[in-house]
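Below: the structure, in structure tokens.
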Amino acid sequence: MTLRQTGLNTGSHDLPVSAALNAFMGTSWAPTPLPTDDRVPGYAVTPGRRSRLSAAFPGERLIVPAGTLKVRSNDCDYRFRPHSAYAWLTGLTGEDQVGHVLVLEPTGPDGHEPVLYLRPRSPRGGDPVRGAEFFRDRRYGEFWVGRRPDLDEAARLTGVRVVHLDELEKLFTGSQPATRVLTGVDPALDAAAGRPGAAELTQNDGLFAAVLSELRLVKDAWEVEQLQLSVDHTVLGFEDVVRALPTALRHHRGERWIEGVFNLRARAEGNGTGYETIAASGAHACVLHWIRNDGALDPNALLLFDAGVETDTLYTADITRTLPLGGTFTPVQRQAYELVLAAQQAGIDALRPGARFRDFHAAAARVIAEGLADWGVLPVSAEEALADDSGVFRRYTLCGTGHMLGLDVHDCAKARAETYLDGVLEEGHVLTVEPGLYLQPDDETLPAELRGLGIRIEDDLVITADGARLMSGALPRTVPAIEAWMAELLG
């Protein structure tokens with residue numbers, strides 16, 4: 001088996017193709033070239049990104065795959081999204097990038113040439129195998145999944161040299177330079193890198209993935225614009241959800257109804273959602289990653305809605321609001337909500353260049369612990385609960401207070417602790433601040449009126465020269481502002 005097998009991916013129920021039909025399909029097609037001025041989004045910034053990666057690994061070949069299709073059921077695949085590192089380095093973000101690979105080929109001790117290994121547009125006739133791909137191949141054929149650029153068009157789009165994907169096999173045979181592969185993305189590449197004779201050439205120690213994450217930590221101005229666009233589309237989606245509440249409240253799966261409403265906005269404005277939407281009513285909000293979304297909506301309960309639109313350039317927002325489904329907070333709901341809001345504001349106030357990444361979490365956690373102590377919930381004082389050898393306040397909040405945001409909702413996750421979790425904030429970091437209270441419905445340490453309340457407030461911020469800018473400020477956060485906003489949208 002070669003690295004990339006050639007052949008038609010036809011379904012078991014395909015109709016047979018006669019020689020006459022095959023010959024006829026290969027004739028009389030008008031040329032349909034792409035516009036010569038088309039360029040990938042981010043065309044101006046991708047060369048600098050590749051140069052930074054090149055500088056980190058002088059003299060080594062660097063291989064970054066887009067990824068492969070994954071079967072959902074039988075002959076149906078999941079919708080494809082290229083790996084974030086590949087998209088960041090190439091500007092190529094479409095579903096047509098299946099199986100493609102970026103290689104930074106060393107040109108000496110201090111430089112690399114980027115080369116894209118792509119599956120080009122199917123030829124219309126001539127080749128006895130590929131000549132039929134455009135109308136017979138269900139996975140890659142143009143008539144089935146849409147047009148791909150040819151090699152020259154791809155080179156013009158990206159500004160890098162492009163060769164046929166079939167040439168990739170040569171990188172794992174014969175004498176080769178030291179090579180690093182971003183593993184865990186393309187199984188065929190992983191297998192090739194581990195073959196006898198290739199193992200000593202290929203370094204898969206995790207450093208490559210870490211550096212690729214770390215290079216993405218600080219966002220450039222273009223990336224911040226893309227993230228703001230994703231936030232703006234997400235705000236519209238939240239407005240759609242509120243307007244849909246009267247219908248959703250009448251539906252036996254109201255959570256799923258509003259999930260669908262938001263997803264419509266995400267697909268209409270961007271690539272889709274950046275992660276699975278959380279639409280959690282009542283006690284479902286105490287499940288931190290509730291994505292079943294199969295419950296009814298109770299007008300007396302709260303709705304925790306966590307969602308983000310992913311742009312066509314694959315940058316995602318990540319916003320959560322907790323809303324009273326009846327339009328106004330009850331006194332108990334308001335009490336709990338305002339504690340979380342105070343914690344979030346403390347976290348936001350701690351954001352500035354030079355602050356430790358963990359500082360905003362510590363600030364929010366202190367507010368939560370002190371509030372729980374004031375309610376008489378904790379078995380110890382707030383100070384004791386916050387101690388490293390205790391942390392008992394986390395029974396009611398559990399998770400961290402935020403994360404980096406970008407091409408991935410939990411962005412740059414492979415970065416080493418000293419550059420991320422134990423690092424300091426810099427201008428251009430984009431992150432979330434999202435404290436929460438998750439008061440389980442069966443928790444006997446809580447008074448009955450607090451059980452089953454789940455509240456999270458999450459916003460997206462970019463670190464600036466003197467603090468942080470709230471990117472998602474168009475969505476209200478305070479109790480009066482939320483109630484007024486909902487009343488206006490509901491008429």
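In this structure, the side chains of Ile482 and Pro324 come closer than 4.5 Å at one or more pairs of heavy atoms. Side-chain atoms of Val340 and Arg456, non-hydrogen and from C-beta on, never get closer than 4.5 Å to each other. Contact check for His410 versus Tyr275: no side-chain heavy atoms found under the 4.5 Å cut-off. Tyr78 places none of its side-chain heavy atoms less than 4.5 Å from the side chain of Leu69. Taking the side chain as every heavy atom from C-beta outward, Arg72 and Asp77 never approach each other to under 4.5 Å. Residues Thr158 and Leu92 meet the side-chain proximity criterion, which asks for heavy atoms closer than 4.5 Å. A 4.5 Å side-chain heavy-atom check between Met404 and Leu431 finds at least one atom pair inside the cut-off. No side-chain heavy atom of Phe57 sits under 4.5 Å from any side-chain heavy atom of Leu104.
Using a 3.5 Å distance cut-off with no hydrogens or angles, the side chains of Thr313 and Gln226 do pair a donor with an acceptor. Inspection of the Glu310 and Tyr315 side chains reveals no N or O donor paired with an N or O acceptor under 3.5 Å. In this model, a donor atom of one side chain and an acceptor atom of the other lie less than 3.5 Å apart for His403 and Glu434. Side-chain polar atoms of Gln345 and Arg477 form a donor-acceptor pair below 3.5 angstrom.
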Problem - Step-by-step side chain to side chain contact (heavy atoms under 4.5 Å, CB included) determination, Phe208 to Val181 - result: CA-CA 8 Å; Phe208 190 33; Val181 179; 5.9 Å; no

Practice task
Evaluate side-chain hydrogen bond (donor to acceptor under 3.5 Å, both in side chains) for Ser472 paired with Asp460, printing each intermediate quantity in order.
Solution key: CA-CA 6 Å; Ser472 48; Asp460 304 340; 5.1 Å; no

Practice task
Please step through side chain to side chain contact (heavy atoms under 4.5 Å, CB included) for the pair Leu212 and Arg216, ending with a clear verdict.
Solution key: CA-CA 7 Å; Leu212 279 166; Arg216 290 170 35 219; 5.8 Å; no

Handout entry: Pair Leu461-Leu351, side chain to side chain contact (heavy atoms under 4.5 Å, CB included): steps then yes or no
Key = CA-CA 9 Å; Leu461 300 102; Leu351 298 177; 4.1 Å; yes

Practice task
Carefully, step by step, assess Val242 and Leu323 under the rule side chain to side chain contact (heavy atoms under 4.5 Å, CB included).
Solution key: CA-CA 9 Å; Val242 172; Leu323 309 174; 4.0 Å; yes

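Across all their heavy atoms, Pro106 and Arg61 have their closest contact at CD-CA, 3.7 Å. Closest approach of Ala363 to Ala350, counting heavy atoms only: CB-CB, 4.3 Å. Taking both residues in full, the closest heavy atoms of Leu437 and Trp375 are given as CD1-CH2, 3.9 Å, listed atom of the first, atom of the second, then distance. Leu227 and Thr316 make their closest contact through CD2-O, 3.4 Å (heavy atoms, listed as atom of the first residue, atom of the second, distance). In this structure, Trp88 and Leu407 approach most closely via the heavy-atom pair CB-CD1, 3.7 Å. Pairing each heavy atom of Phe262 with each of Val309, the nearest pair is CZ-CG2, 3.7 Å.
Atoms CZ and CD1, on Arg469 and Ile463 in that order, are 11.0 Å from each other to the nearest 0.5 Å. To the nearest 0.5 Å, atoms CZ (Phe329) and CG (Leu302) are separated by 6.0 Å. Distance CD1/Ile368 to OG1/Thr397: 5.0 Å, rounded to 0.5 Å. Atom CZ of Phe393 and atom CG of Leu386 lie 5.0 Å apart (nearest 0.5 Å). Interatomic distance, Leu118 CG to His100 NE2, rounded to the nearest 0.5 Å: 5.0 Å. Rounded to the nearest 0.5 Å, atoms CD1 (Ile319) and CG (Asp306) are 9.5 Å apart.
Side-chain atoms of Glu384 come within 3.5 Å of backbone atoms of Ser381 as a donor-acceptor pair (strictly under, hydrogens ignored). A donor-acceptor contact shorter than 3.5 Å is absent between the side chain of Ser54 and the backbone of Arg50. Judged by distance alone, with hydrogens and angles left aside, the side-chain atoms of Asp411 form a donor-acceptor pair with the main-chain N or O of Asp408 at under 3.5 Å. A donor-acceptor pair under 3.5 Å links the side-chain atoms of Gln333 to the main chain of Thr330, judged by distance alone. Looking only at distances, a side-chain donor or acceptor of Arg321 sits under 3.5 Å from a matching main-chain atom of Leu475. Looking only at distances, no side-chain donor or acceptor of Ser390 sits under 3.5 Å from a matching main-chain atom of Ala387. Between the side chain of His429 and the backbone N or O of Glu426, at least one donor-acceptor pair lies under 3.5 Å. Formation of a donor-acceptor pair under 3.5 Å by the Glu214 side chain with backbone atoms of Arg416 is found in this model. One N or O on the side chain of Thr179 and one on the backbone of Pro177 form a donor-acceptor pair closer than 3.5 Å. Of the possible polar contacts, none joining the Thr273 side chain to the Ala307 backbone as a donor-acceptor pair under 3.5 Å is found.
Residue His289 qualifies as open at atom NE2: its count of foreign heavy atoms under 6.0 Å is 12 or below. In this structure, Glu418 places its CD atom where more than 12 heavy-atom neighbours from other residues, nucleotides or ligands lie under 6.0 Å away. In Arg292, the CZ atom is not crowded: 12 or fewer heavy atoms of neighbouring residues, nucleotides or ligands sit closer than 6.0 Å.
Ion pair Glu383/Arg366 flagged as a salt bridge, since at least one NZ, NE, NH1 or NH2 atom sits closer than 4.0 Å to an Asp/Glu carboxylate oxygen. In this structure, Arg49 pairs ionically with Asp220, as a charged nitrogen and a carboxylate oxygen lie closer than 4.0 Å. The existence of a salt bridge linking Asp422 and Arg356 is excluded, since no basic side-chain nitrogen approaches an acidic carboxylate oxygen closer than 4.0 Å. A salt bridge is absent between Glu444 and Arg451; no separation between the charged side-chain nitrogens and carboxylate oxygens falls under 4.0 Å. Ion pairing between a basic and an acidic side chain is recognised when a charged N comes within 4.0 Å of a carboxylate O; Asp240 and Arg265 show such pairing.
Scanning for ring-ring contact (aromatic ring centres under 6.0 Å, His included) contacts around His251 gives Trp257, with sequence neighbours left out. For Asn293, the side-chain contact (heavy atoms from CB on, under 4.5 Å) test picks out Glu255, Glu259, Ala279, Trp290, with sequence neighbours left out.
Only one option out of His361, Glu458, Arg358 pairs with Thr401 in a side chain to side chain donor-acceptor pair (under 3.5 Å); it is His361.
Between Tyr396 and Tyr438, the gap from one ring centroid to the other reaches at least 6.0 Å.
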